[in-house]
Amino acid sequence: MNVLVTGGAGYVGCHAAKLLASEGHEIWVYDNLVFGHRAAVAPGRLIEGDLLDRGKVEAVLREQRIDAVMHFAAFAYVGESVTDPAKYYHNNVVGTLSLMEAMRAVGVSRIVFSSTCATYGEPEQVPIRESQPQRPINPYGFTKLIIEHALADYGQAYGWGYAALRYFNAAGASADGDLGEDHDPETHLIPLVLQVALGQREHVTVFGDKHPTPDGTCIRDYIHVDDLATAHQAALERLERGVELKLNLGTGRGSSVREVIEACRQVTGLPIPAKMAGPRAGDPPALVADASHARRELGWEPRYTEITPIIETAWRWHQSHPHGYDEKTRT
Ligand code: UDP
């Protein structure tokens with residue numbers, strides 16, 4: 001298939017683009033490089049552009065004879081979405097609707113969409129099944145949920161085949177060490193802890209140790225990026241007219257913040273000081289996927305089911321790329 005990967009220079013998108021290319025798909029990455037990295041994209045495969053540039057998106061869809069879109073491009077800082085919701089609604093909602101209209105104009109009707117467990121808000125039950133109510137507690141989650149609804153309506157009315165993949169916590173780096181997690185600013189737990197191990201930060205701050213969990217710290221379901229990529233590929237290959245997939249992607253196992261820090265100490269062999277702080281606003285105590293639906297629908301199994309091997313891949317990346325992709329040294 002000829003696949004357009006929007007946001008394919010970002011963390012999850014670049015892993016998916018690489019996998020699809022290795023499986024013989026013809027890949028074009030469309031990215032504005034606001035957060036993406038040129039170095040994360042295979043040479044000659046990057047088209048620099050903005051989602052909101054409808055004419056350009058349409059031209060690319062047409063010229064490259066795109067069969068399907070994988071849509072990763074989005075802003076994803078939950079805290080910023082609270083303080084600057086306009087930025088999030090504009091980019092994530094208006095930008096995606098513009099992409100969908102470009103697809104309609106050209107007759108592309110298959111899309112795999114990056115959704116999120118943030119669409120569930122504070123879950124009623126853990127592990128979380130897809131049938132649980134989706135009640136986001138921040139604008140970021142709402143922007144993703146709005147697009148899930150739009151896709152369902154486009155599916156009904158125009159016969160689109162789509163997958164909305166609700167990720168839990170993406171983590172780790174590609175097994176071959178080429179691709180990894182490089183956000184600026186970095187807010188995610190595992191890279192922050194590994195930056196402490198590298199001596200780039202003095203300590204990691206633990207957001208709350210009085211949550212209603214066994215050790216008092218928040219529990220998350222960390223899913224390896226390469227496993228997210230294989231699920232995207234499987235979903236893409238399932239899409240045809242009228243197919244609708246709404247799937248959680250996680251391992252089904254939760255790790256607490258304390259357990260993650262301890263696993264990082266073991267993997268790195270370094271002490272990694274941690275300081276307790278109050279809880280972060282809007283952080284649910286536990287988010288763990290029931291991913292049985294994805295397993296069944298996609299015939300997908302995550303390769304990484306334990307936190308330690310996930311951290312090992314991340315640590316290899318951080319050691320070999322202490323300043324991320326470090327684009328200044330690349331041409
Ligand atoms: N967390 C933390 N200290 C940090 C960053 C994150 O204790 O410096 C916690 C956060 O409260 C959450 C978990 O680690 O419970 C994972 O956070 P992250 O930001 O990586 O992902 P999120 O679950 O917010 O999408």
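First listed ligand is number 1; within each ligand, the first listed atom is number 1. Just so it is clear, the model here is predicted, and its values are computed rather than measured. Both backbone and side-chain heavy atoms feed into the values below; hydrogens, waters and symmetry mates do not. Along the sequence shown, the residues carry numbers beginning at 1.
Residues forming a side chain to side chain contact (heavy atoms under 4.5 Å, CB included) with Ala274 (at least two apart in sequence, or on another chain): Val204, Val206, Ile261, Arg265. Residues satisfying the side chain to side chain contact (heavy atoms under 4.5 Å, CB included) criterion with Ala150, sequence neighbours excluded, are Leu97, Met100.
Protein residues with a heavy atom closer than 4.0 Å to ligand 1 are Asn169, Thr187, His188, Leu189, Leu192, Thr205, Val206, Phe207, Cys218, Arg220, Tyr222, Val257, Arg280, Asp283, listed by chain and number.
Results of the side chain to side chain donor-acceptor pair (under 3.5 Å) test with Asn32 over Asp50, Asp53, Thr6 single out Asp50 as the only residue that passes.
Counting Ile, Leu, Val, Met, Phe, Trp and Tyr side chains that sit under 4.5 Å apart, directly or through other members, Phe75 shares a hydrophobic cluster with Val34, Phe35, Tyr77, Val78, Tyr88, Tyr140.
Note: Tyr11 and His15 have perpendicular aromatic rings, judged against thresholds of 30 and 60 degrees for the angle between ring planes.
Arg45 forms a cation-pi arrangement with Trp28, by the criterion of a distance under 6.0 Å to the ring centre and an angle within 45° of the ring axis.
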